[in-house]
Amino acid sequence: IKYMFPKAHAAAYVMMAIRVAWFKVYYPRAYYAVYFTLRVNAYELETMTSSFETVAHRLNSINMRLRDFETKRDVSTKEKNLIDTLEVTLEMLHRGFKINPLSLEHSHATQFILDPHDETAILPPFNVVDGLGNGVANNIVKARDEEMFISKQDMMKRAGVSSSLMKKLDDLKVTSTLQESNQM
């Protein structure tokens with residue numbers, strides 16, 4: 001006798017699918033925030049925060065290189081993992097929601113959250129920046145909660161952010177409002 005899938009297990013799967021669908025329909029921002037926090041393991045923040053066309057172009061670029069025998073081996077593991085992320089990002093953008101850029105004042109350390117200033121957006125956490133781990137992300141949020149940063153130098157000192165990570169945050173325009181040093 002071959003293994004038969006238990007009815008109770010099948011019923012549990014169906015109930016879970018109904019719950020997920022209910023949240024996706026009635027609380028879409030919360031659904032996408034939780035999805036990107038729990039189910040996604042590859043991020044490309046520059047692409048995810050841009051327009052529908054940019055995301056679609058990046059996704060098509062990866063898929064075209066995967067289909068071509070000559071360029072298939074040039075596609076990195078991160079890009080392969082990024083396919084699902086970009087597909088869900090496209091779906092979200094198509095439904096009228098978006099991912100706003102990182103916010104030094106509001107972003108969480110490790111979780112996507114609902115943007116308090118935009119009813120159609122979610123905010124990414126600090127740990128989605130390449131090279132910025134959970135420890136540094138938690139340090140940034142802890143130092144920010146104690147007192148807002150007055151300069152990039154202050155952020156590097158209090159949160160333990162390296163100069164290379166500070167450059168990445170500058171490129172993402174997260175620290176654009178901060179001065180370079182504590183001096184006037």
Side-chain angles (χ1 to χ4, degrees), residues 3-64 66 77-130 132-145 148 168-169 172-177:
Y3 175 75
M4 294 177 60
F5 201 71
K7 287 181 186 179
H9 205 82
Y13 273 153
V14 170
M15 288 171 46
M16 181 186 68
I18 290 171
R19 286 186 188 116
V20 169
W22 189 85
F23 272 96
K24 195 170 183 178
V25 170
Y26 294 106
Y27 295 98
R29 278 196 324 151
Y31 168 80
Y32 289 118
V34 171
Y35 181 85
F36 283 119
T37 299
L38 297 178
R39 296 284 177 221
V40 174
N41 57 8
Y43 303 96
E44 194 171 78
L45 208 50
E46 301 86 3
T47 305
M48 294 169 67
T49 57
S50 55
S51 67
F52 183 89
E53 292 78 19
T54 306
V55 176
H57 181 267
R58 177 74 169 124
L59 181 61
N60 288 338
S61 168
I62 295 170
N63 284 331
M64 292 295 279
L66 277 174
T77 305
K78 181 183 177 183
E79 287 179 317
K80 289 177 185 173
N81 293 336
L82 200 58
I83 291 173
D84 292 336
T85 305
L86 294 178
E87 286 174 348
V88 174
T89 304
L90 276 177
E91 174 190 305
M92 183 178 72
L93 290 169
H94 188 68
R95 292 184 68 191
F97 300 100
K98 63 185 176 186
I99 299 174
N100 277 346
L102 269 169
S103 168
L104 192 58
E105 295 85 22
H106 301 292
S107 286
H108 191 271
T110 59
Q111 298 175 355
F112 280 79
I113 60 170
L114 305 181
D115 191 339
H117 302 296
D118 189 350
E119 291 294 318
T120 63
I122 60 176
L123 284 174
F126 286 107
N127 71 342
V128 301
V129 176
D130 288 336
L132 201 153
N134 290 347
V136 176
N138 286 323
N139 288 344
I140 292 172
V141 171
K142 183 180 173 190
R144 175 192 71 193
D145 291 344
M148 195 57 192
K168 287 181 184 178
L169 292 174
L172 291 170
K173 296 179 178 48
V174 176
T175 57
S176 60
T177 59

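Along the sequence shown, residues carry numbers from 1.
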Donor-acceptor pair, side chain of Arg29 and main chain of Ile122, under 3.5 angstrom: no
Derivation and outcome, side chain to side chain contact (heavy atoms under 4.5 Å, CB included), residues Leu66 and Ile83: CA-CA 11 Å; Leu66 277 174; Ile83 291 173; 3.4 Å; yes
Distance (rounded to the nearest 0.5 Å) between Ile99 CD1 and Leu93 CG: 7.0 Å
Student check: side-chain heavy atoms of Val25 and Tyr31 closer than 4.5 Å: no
Parallel, tilted or perpendicular, as decided by the 30° and 60° cut-offs, for the rings of His94 and Phe52: tilted
Phe112 backbone acceptor or donor facing Thr37 side chain under 3.5 Å: yes
Heavy-atom side-chain proximity of Met92 to Phe36 below 4.5 angstrom: yes
Gap between atom CG of Asn127 and atom CG of Asn138 - 0.5 Å precision: 8.5 Å
Atom pair NE2 (His57) and CD1 (Ile62), whose distance is rounded to the nearest 0.5 Å: 11.0 Å
Salt bridge present between Glu105 and Arg144 (N-O < 4.0 angstrom): no
Inter-residue atom distance Leu123.CG - Leu102.CG, 0.5 Å rounding: 8.0 Å
Distance in Å, Phe126 CZ paired with Ile140 CD1, rounded so as to fall on 0.5 Å steps: 5.5 Å
Ala109 versus Pro125, closest heavy-atom pair with distance: O-CB, 3.5 Å
Greater than 12 external heavy atoms within 6.0 Å of Met64's CE: no
NZ/NE/NH1/NH2 to OD/OE distance under 4.0 Å, Glu79 and Arg58: yes
Plane angle bin for Tyr27 and Phe23 - parallel if under 30°, tilted between 30 and 60°, otherwise perpendicular: tilted
Note, Tyr32 side chain near Lys24 side chain (heavy atom, < 4.5 Å): yes
Closest approach of Ala42 to Asn81 (non-hydrogen atoms, all atoms of both residues): CB-CB, 3.6 Å
Val174 and Val129, any side-chain heavy atoms less than 4.5 Å apart: no
Side chain proximity check, Thr47 to Leu82, heavy atoms < 4.5 angstrom: no
Derivation of the side-chain hydrogen bond (donor to acceptor under 3.5 Å, both in side chains) call for Ser51 and Thr54: CA-CA 5 Å; Ser51 67; Thr54 306; 2.9 Å; yes
Heavy-atom side-chain contact between Val88 and Val40 under 4.5 Å: no
Side-chain donor or acceptor of Lys98 paired with backbone N/O of Ser50 under 3.5 Å: no
Test item: Lys168 side-chain N/O and Asp130 main-chain N/O as donor-acceptor pair under 3.5 Å: yes
Sub-4.5 Å side-chain heavy-atom contact between Phe97 and Pro28: yes
Backbone N/O of Thr85 and side chain of Thr89: donor-acceptor pair under 3.5 Å: yes
Side-chain heavy atoms of Pro124 within contact of Leu45, under 4.5 Å: yes
Distance, nearest 0.5 Å, that separates CG of Leu90 from CG of Asn60: 8.5 Å
Whether Ser107 side chain and Leu104 backbone form a donor-acceptor pair below 3.5 Å: no
